[in-house]
Participant: 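Dumping the structure here so I can ask a few things about it.
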There are 2 protein chains.
Amino acid sequence: MRRTSFADMNCSVARTLEVVGEWWTMLVMREAFSGVRRFDEFQGRLGIARNVLAARLQRLVDFGILERRLYQERPERYEYRLTEKGFDLYPVLLSLMRWGDRWTAGPEGPPVRLVHQNCGHEATSVLSCSECGEELKPREVRALMSGTGRPLLDREA
Amino acid sequence: MRRTSFADMNCSVARTLEVVGEWWTMLVMREAFSGVRRFDEFQGRLGIARNVLAARLQRLVDFGILERRLYQERPERYEYRLTEKGFDLYPVLLSLMRWGDRWTAGPEGPPVRLVHQNCGHEATSVLSCSECGEELKPREVRALMSGTGRPLLDREA
DNA sequence: CGGTATCCCATTTGATACTG
DNA sequence: CAGTATCAAATGGGATACCG
């Protein structure tokens, strides 16, 4: 049986996962954010099978998250670059990283630390409210359905 | 061929995905955040196959993200509740939702809107710096490797 | 209600080889 | 370098039946 597609679910979480929820995809994105652009560099860094990598890159291009761009004429060479849509996945990546830092790091601490250039401090990422700037916590948020959308965070968890 | 495990990668993104990166898992979490606690309610809402759901719940329990709790003695009935570790996945969920709202919503807008009770406004989630509160953008962040960790965002993307 | 057990096959994955 | 082609194995996923 073909696995269920999330594309038609009326849910932004599901529809996002339809695009980036496959095994390996977010690690490809991690590399892209770290500046990797070329097929063999993705492949070497990740240790992913070449056919799988080709499929993932293709899909990311199809969805407009990466752009395949000619960077050399003879012989023809292409590279993959993040689009605005791709860059916009940064919060997803950092949220994943943040959770891993908190819950999977050993005594030596997280493998990677972040420095926010603007303020000069070592920082972690916080999910905050676009209106008041405070941290967004599950219990302090209420979800409103529009149309047929299913409620998220509708009840006390 | 067995698929590659991300567990041993020295990367918080990879290790997080090892736990919640499988197909369906984050949708199970979505339901959990929305207050769903019982097997059949997860099943009915998601339309997931029962054996797959059982496997996902089991894995989430194994990793301490959900807790299986007896809520009725005769007959014995169990429910699944978010632990602190589970609640801490909220930023991941909202980041996924935010991206989907931006890039996959039709003209009618996002299926679900959020109201931040503390400030009373309809809000979206923003990833911000723990130190200065400003929004964290890829180009304004530098990554530092600790130990053998691979760099993230090390070069210009 | 809250699962297990089984079946079964489509898909995915990894390995390897090959090409321009 | 940047893929495509091929292949076998394994697993993932769905459907269904069953059980205390």
Side-chain angles (χ1 to χ4, degrees), chain A residues 1-9 14 17-28 31-32 35-62 66-82, chain B residues 1-9 14 17-29 31-32 35-63 66-82:
Chain A
M1 302 293 160
R2 160 180 280 112
R3 83 174 170 196
T4 307
S5 165
F6 297 159
D8 297 332
M9 296 181 180
L17 290 170
E18 179 70 22
V19 182
V20 298
E22 290 177 300
W23 209 240
W24 284 114
T25 299
M26 282 306 298
L27 294 186
V28 172
E31 295 302 323
V36 173
R37 294 175 184 170
R38 313 243 255 265
F39 190 93
D40 276 22
E41 198 178 357
F42 281 109
Q43 202 278 320
R45 295 241 224 175
L46 292 170
I48 186 177
R50 304 178 73 81
N51 55 347
V52 175
L53 175 59
R56 294 295 179 273
L57 289 172
Q58 182 61 57
R59 190 174 176 84
L60 288 168
V61 168
D62 289 345
L66 297 177
E67 188 192 358
R68 187 165 179 268
R69 204 145 98 182
L70 190 70
Y71 74 91
Q72 176 184 297
E73 297 263 344
R74 224 178 341 269
E76 284 194 357
R77 292 283 181 264
Y78 291 93
E79 61 179 11
Y80 297 88
R81 284 171 161 271
L82 288 166
Chain B
M1 300 294 158
R2 161 179 279 112
R3 84 174 169 196
T4 307
S5 165
F6 297 159
D8 297 332
M9 296 181 182
L17 290 170
E18 179 71 22
V19 182
V20 298
E22 289 177 300
W23 209 240
W24 286 114
T25 299
M26 282 306 298
L27 294 186
V28 171
M29 291 303 293
E31 295 303 322
V36 173
R37 293 175 184 171
R38 313 245 254 263
F39 189 93
D40 277 20
E41 198 178 358
F42 282 110
Q43 202 278 321
R45 294 241 224 176
L46 291 170
I48 186 177
R50 303 176 73 80
N51 54 348
V52 176
L53 176 59
R56 293 295 178 275
L57 290 172
Q58 182 60 57
R59 189 173 177 83
L60 288 168
V61 169
D62 289 345
F63 279 106
L66 297 177
E67 187 191 1
R68 187 163 180 268
R69 204 144 98 181
L70 190 70
Y71 73 91
Q72 177 184 296
E73 297 263 344
R74 225 178 340 269
E76 283 194 357
R77 292 284 181 260
Y78 291 93
E79 61 181 9
Y80 297 88
R81 284 171 161 268
L82 289 166

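The sequence lines fix the lettering, A, B, ..., with proteins before strands; numbering per chain opens at 1. For clarity, every value in this text was computed on a predicted model and none was experimentally measured.
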Participant: Calculate the interatomic distance between B:Leu53 atom CG and C:dA5 atom P; express it in whole Å.
Facilitator: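 Whole-Å distance recorded here is 15 Å.
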Participant: Quick one: list whatever passes side chain to side chain donor-acceptor pair (under 3.5 Å) with B:Asp40, sequence neighbours left out.
Facilitator: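 B:Asp40 satisfies side chain to side chain donor-acceptor pair (under 3.5 Å) with B:Arg50 once adjacent residues are dropped.
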Participant: Between A:Arg37, A:Arg38, A:Arg81, which is the residue that forms a side chain to side chain donor-acceptor pair (under 3.5 Å) with A:Tyr71?
Facilitator: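 Of the listed residues A:Arg37, A:Arg38, A:Arg81, the side chain to side chain donor-acceptor pair (under 3.5 Å) partner of A:Tyr71 is A:Arg38.
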Participant: So what does B:Tyr78 hit on the nucleic acid, given a heavy-atom distance under 4.0 Å: a base, only sugar-phosphate, or nothing?
Facilitator: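 It contacts sugar-phosphate atoms only.
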Participant: Given that A:Arg77 and B:Tyr71 both sit by DNA chain C, which one's nearest nucleotide is further toward the 5' end?
Facilitator: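 Result of the comparison: B:Tyr71.
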Participant: Want to settle it: does A:Glu76 or B:Glu22 sit nearer the 5' end of DNA chain D, counting the closest nucleotide to each?
Facilitator: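 Closer to the 5' end of DNA chain D: A:Glu76.
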Participant: Select base, sugar-phosphate, or nothing to describe what A:Tyr80 touches, counting heavy atoms under 4.0 Å on all strands.
Facilitator: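 Sugar-phosphate: the residue A:Tyr80, judged by heavy atoms under 4.0 Å, touches backbone atoms but no base.
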Participant: Report all side-chain donor-acceptor pairs from residues 19-26 of chain A shorter than 3.5 Å, counting only partners two or more places apart or in another chain.
Facilitator:
from: A:Glu22; atom 1: OE1; to: A:Arg59; atom 2: NE; distance (Å): 3.4
from: A:Glu22; atom 1: OE2; to: A:Arg3; atom 2: NH2; distance (Å): 3.2
from: A:Trp23; atom 1: NE1; to: B:Thr4; atom 2: O; distance (Å): 3.1

Participant: Specify the separation, in whole Å, of atom CZ of B:Arg59 and atom C1' of D:dG12.
Facilitator: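 Rounding to the nearest Å, CZ of B:Arg59 and C1' of D:dG12 are 13 Å apart.
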Participant: Just how far, in rounded Å, is P of D:dA2 from CZ of A:Phe42?
Facilitator: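 Atom CZ in A:Phe42 sits about 10 Å away from atom P in D:dA2.
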Participant: To the nearest Å, give me how far apart CD (B:Gln43) and P (D:dG14) are.
Facilitator: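 After rounding, the reported distance stands at 11 Å.
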Participant: Considering residues at least two apart in sequence or located in another chain, which fulfil the side chain to side chain donor-acceptor pair (under 3.5 Å) criterion with B:Gln58?
Facilitator: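 Here the qualifying residues are B:Asp62.
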Participant: Give the rounded distance in Å between these two atoms: CD of A:Glu41 and P of D:dC1.
Facilitator: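 Roughly 9 Å, once rounded to whole Å.
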Participant: Starting at atom CD of A:Gln72, determine the distance to atom P of C:dG20, rounded to an integer number of angstrom.
Facilitator: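 Going from CD in A:Gln72 over to P in C:dG20 covers 19 Å.
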Participant: As an exercise, state the distance from CD of A:Glu31 to CD of A:Glu41, rounded to the nearest 0.5 Å.
Facilitator: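 Answer for the CD-CD pair, A:Glu31 versus A:Glu41, is 8.0 Å.
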Participant: About how many Å separate CG of B:Leu57 and CD of B:Gln43, when rounded to the nearest 0.5 Å?
Facilitator: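 That separation rounds to 11.0 Å.
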Participant: Reckon B:Arg56 has a side-chain N or O less than 4.0 Å from the OP1 or OP2 of D:dG13?
Facilitator: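 For D:dG13, OP1 or OP2 has a side-chain N or O of B:Arg56 closer than 4.0 Å.
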Participant: I need the B:Leu82 CG to B:Met29 CE distance, nearest 0.5 Å.
Facilitator: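 If I round to the nearest 0.5 Å, the distance is 5.0 Å.
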Participant: Counting side-chain heavy atoms from C-beta on, which of D:dG13, C:dC1, D:dG3 comes nearest to B:Asp40?
Facilitator: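 Side chain of B:Asp40 sits closest to C:dC1.
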Participant: What integer distance in Å separates B:Phe39:CZ from C:dG3:P?
Facilitator: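 Atom CZ in B:Phe39 sits about 6 Å away from atom P in C:dG3.
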Participant: Quick one: is D:dA2 close enough that its OP1 or OP2 comes under 4.0 Å of any side-chain N or O from A:Arg69?
Facilitator: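 No, outside the criterion.
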Participant: For the helix from C:dC1-D:dG20 to C:dG20-D:dC1, figure out the bend between the end axes, five pairs an end, and round to 10 degrees.
Facilitator: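 Axis angle across the helix from C:dC1-D:dG20 to C:dG20-D:dC1, nearest 10°: 40°.
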Participant: What pairs with A:Glu76 under side chain to side chain donor-acceptor pair (under 3.5 Å), at least two apart in sequence or on another chain?
Facilitator: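 Partners of A:Glu76 by the side chain to side chain donor-acceptor pair (under 3.5 Å) criterion, ordered by chain and then number, come out as A:Tyr78.
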Participant: If you restrict it to nitrogen or oxygen atoms, what contacts under 3.5 Å exist between nucleotides 14-17 of chain C and the protein, and what is each distance?
Facilitator:
from: C:dG14; atom 1: OP1; to: B:Thr4; atom 2: N; distance (Å): 2.5
from: C:dG14; atom 1: OP1; to: B:Thr4; atom 2: OG1; distance (Å): 2.5
from: C:dG14; atom 1: OP2; to: A:Trp24; atom 2: NE1; distance (Å): 3.3
from: C:dG14; atom 1: N7; to: A:Asn51; atom 2: OD1; distance (Å): 3.4
from: C:dG14; atom 1: N7; to: A:Asn51; atom 2: ND2; distance (Å): 3.2
from: C:dG14; atom 1: O6; to: A:Asn51; atom 2: ND2; distance (Å): 2.8
from: C:dA15; atom 1: N6; to: A:Asn51; atom 2: ND2; distance (Å): 3.1

Participant: Given atom CZ of A:Phe6 and atom C1' of D:dG14, what is their separation to the nearest angstrom?
Facilitator: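 Result: 13 Å.
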Participant: Is it true that, when you exclude A:Gln72 itself, more than 12 heavy atoms of the residues, nucleotides or ligands shown sit nearer than 6.0 Å to its CD?
Facilitator: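 Counting other residues, nucleotides and ligands, CD of A:Gln72 exceeds 12 neighbours.
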Participant: To the nearest 0.5 Å, how far apart are CZ in B:Phe42 and CD1 in B:Ile48?
Facilitator: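 With rounding to 0.5 Å, CZ (B:Phe42) is 10.0 Å from CD1 (B:Ile48).
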